[in-house]
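Treat the numbers as computed from the prediction; the structure is a model and nothing was measured. Numbers here are sequence positions counted from 1.
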Amino acid sequence: MSTRPRLEFRRVGNLPPYVFAHINELKLELRRGGHDVIDLGFGNPDIPSHDLAVEKLKEAAEKPRNHRYSQSRGIPKVRQAVTDLYARKFGVQLDPETQALTTIGAKEGLSHLMWVLVQPGDAAVVPSPSYPIHIFAPIFAGAQVSQVAMGLEEDDLFGNIVEAFERSRPRPRVIILSFPHNPTTATVDLEFMQKVVDFAREQEVFVVHDFAYADVAFDGYEPPSILQAEGADDVAVELYTLTKSFSMAGWRVGFMLGNAEAISALARLKSYLDYGTFQPIQIAATVVMNEAPEYPSEVCEIYRARRDALCEGLQRIGWEVEKPKGTMFVWAPIPEDYRALGSLDFAVKLAKDAHVAVSPGVGFGPGGDGFIRFALVENEERIRQGVRGIKKALFD
């Protein structure tokens, strides 16, 4: 009797266990058991997309010509719309023909960009803790990753990047950044971006900035685009999406903007891989960027209120957390009495005893294990209910 040969898979075999899946499975198990679990774990926006986007999607989908293959670069009007947005919001002038490209969300764009920037024998510098795809996109392309500590201040991070660049062998070709930062919620100013661009030009290294939370900022803070820095066009691209800004997560509408040569290289690769986002979605995205430019501010105000409900509630029960200036998250140090558990076991305790699901910091890489991440994806009343559950489980 013959046996089937064991098939060995590439790239996925060395991936670490996805700890977020463990908490999600526990959440589902608790809910099946009749428990009302407040889900502040997965950063999946719950705020509805703008009515205008939905109506335009329906209208465009009813036209058979829009059912055909689209363009992997994106239709001209959607590229014009995003470059117009950058001109309005950041004062950055971009050529929609050569400096803008649609992506099927930021993760797809970043992952495929790594295919044209790095290969086996190359290296990338990535802050840690970090959103997992920032670490694994270069690894999937065969490159090594040098993870650098975020540090407490902007200067710490910049110094750590310079140090990592100097000690890394092979010499890094890429630096991947993302501010406001997921998961730590750290923010930077334009001066920091200028220092990064100046360093990149001096060292001939390329910078990729994932600007996922461009429009989610509070208390007067305005996140800078790296493309505002002088000379950024020579050494940088930026990923901008409608996921958080316009609350269009499932629509998968993203853009890569900036350096024309990198845009051209990614466009060439994508011409072999996909035909772009469904055209009615691109049409709806065009209309919402042009005709509802105020919607990100409305979305942001909802997140601000949720941030205040969570942070002020936790502070009242004795858990000291800082209010973030950006993102839809709160990065919370594990209370001293429970720090020995580590972030995964602490997250399990919160799920079981407080019926609140969170993301364990260890899932974001080195430096994350003393923290957990709350996602602001439940309404204020549900968040207050979650705080009451945490108080009963941890502090009573």
Side-chain angles (χ1 to χ4, degrees), residues 16-47 129-132 150 181-186 216 218 302-396:
Y18 201 58
V19 297
F20 308 121
H22 178 70
I23 299 300
N24 190 59
E25 289 166 6
L26 176 58
K27 174 195 71 179
L28 295 176
E29 178 184 327
L30 288 166
R31 284 179 170 174
R32 285 193 293 268
H35 297 289
D36 180 16
V37 179
I38 310 296
D39 189 1
L40 304 178
F42 183 29
N44 190 5
D46 65 310
I47 302 168
S130 192
Y131 186 48
M150 281 290 297
H181 187 254
N182 176 16
T184 70
T185 74
V216 187
F218 316 113
I302 294 171
Y303 286 130
R304 185 206 57 76
R306 293 176 179 183
R307 177 205 66 167
D308 290 350
L310 178 62
C311 292
E312 292 170 8
L314 292 176
Q315 290 165 1
R316 279 195 298 271
I317 66 174
W319 189 346
E320 290 302 319
V321 297
E322 291 187 12
K323 287 184 178 181
K325 291 194 295 183
T327 79
M328 53 182 282
F329 304 112
V330 171
W331 185 240
I334 298 173
E336 185 65 37
D337 290 347
Y338 300 95
R339 199 158 295 169
L341 288 176
S343 60
L344 180 56
D345 286 345
F346 181 68
V348 169
K349 178 177 178 59
L350 284 181
K352 288 182 175 180
D353 297 347
H355 296 150
V356 175
V358 299
S359 293
V362 68
F364 299 99
D369 201 26
F371 298 80
I372 54 98
R373 190 196 72 179
F374 293 95
L376 303 173
V377 293
E378 296 261 21
N379 64 42
E380 293 173 57
E381 183 54 43
R382 295 276 289 168
I383 287 172
R384 293 188 185 98
Q385 178 183 334
V387 170
R388 291 193 294 272
I390 291 171
K391 180 178 185 291
K392 184 177 180 180
L394 300 185
F395 298 102
D396 281 354

Grab the two heavy atoms, one from [X] and one from [Y], that are nearest each other, plus how far apart they are.
X    : Y    : result
W319 : A332 : CZ2-CB, 3.9 Å
I372 : S343 : CG2-O, 4.1 Å
C311 : V330 : SG-CG2, 3.7 Å
D308 : K323 : OD1-NZ, 3.3 Å
G43  : A375 : CA-CB, 3.9 Å
E380 : A305 : OE2-CB, 3.3 Å

**Report entry** Criterion side-chain contact (heavy atoms from CB on, under 4.5 Å) against P360, the qualifying member of V348, L344, D345
**Finding:**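 Going through the options one by one, the only one that passes is L344.
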Query raised in the report: Going through the distances and angles, do E336 and R339 end up as a salt bridge (Lys or Arg N to Asp or Glu O under 4.0 Å)?
Result: CA-CA 5 Å; E336 185 65 37; R339 199 158 295 169; 3.1 Å; yes
Is there a side-chain contact between [X] and [Y] in this structure, where contact means two heavy atoms from C-beta onward sitting under 4.5 Å apart?
X    : Y    : answer
Y303 : P45  : yes
L394 : F346 : yes
I390 : I317 : yes
D36  : H355 : no
F371 : P129 : no
R382 : D46  : no
F395 : P335 : yes

Query - Full working for side chain to side chain contact (heavy atoms under 4.5 Å, CB included) between I23 and V358 - result: CA-CA 8 Å; I23 299 300; V358 299; 6.0 Å; no
Query - Listed partners of R316 passing side-chain contact (heavy atoms from CB on, under 4.5 Å), at least two apart - result: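 For R316 the side-chain contact (heavy atoms from CB on, under 4.5 Å) partners, ignoring immediate neighbours, are E312.
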Query raised in the report: Would you say K352 has more than 12 foreign heavy atoms packed within less than 6.0 Å of its NZ?
Result: no
**Report entry** Cation-pi check, R304 onto F218 ring (under 6.0 Å, within 45° of axis)
**Finding:**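 Relative to the ring axis of F218, which defines the angle, R304 lies outside at least one limit.
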Requested in this report: Please confirm whether the backbone N or O of L40 pairs with a side-chain atom of E378, one donor and one acceptor, at under 3.5 Å?
Outcome: no
Atom pair [atom1]/[atom2] of [X] and [Y] - distance to nearest 0.5 Å:
X    : Y    : atom1 : atom2 : answer
M328 : N182 : CE    : CG    : 8.5 Å
E320 : L314 : CD    : CG    : 9.5 Å
N24  : F42  : CG    : CZ    : 8.5 Å
R307 : L376 : CZ    : CG    : 9.0 Å

Report task. Sequence neighbours left out, what passes side-chain hydrogen bond (donor to acceptor under 3.5 Å, both in side chains) with R388? Give chain and number order. Result ->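 Testing R388 for side-chain hydrogen bond (donor to acceptor under 3.5 Å, both in side chains), a comparison that skips the adjacent residues, returns none.
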Requested in this report: Anything under 30° is parallel, anything over 60° is perpendicular, the rest tilted; go ahead and classify W331 against F364.
Outcome: perpendicular
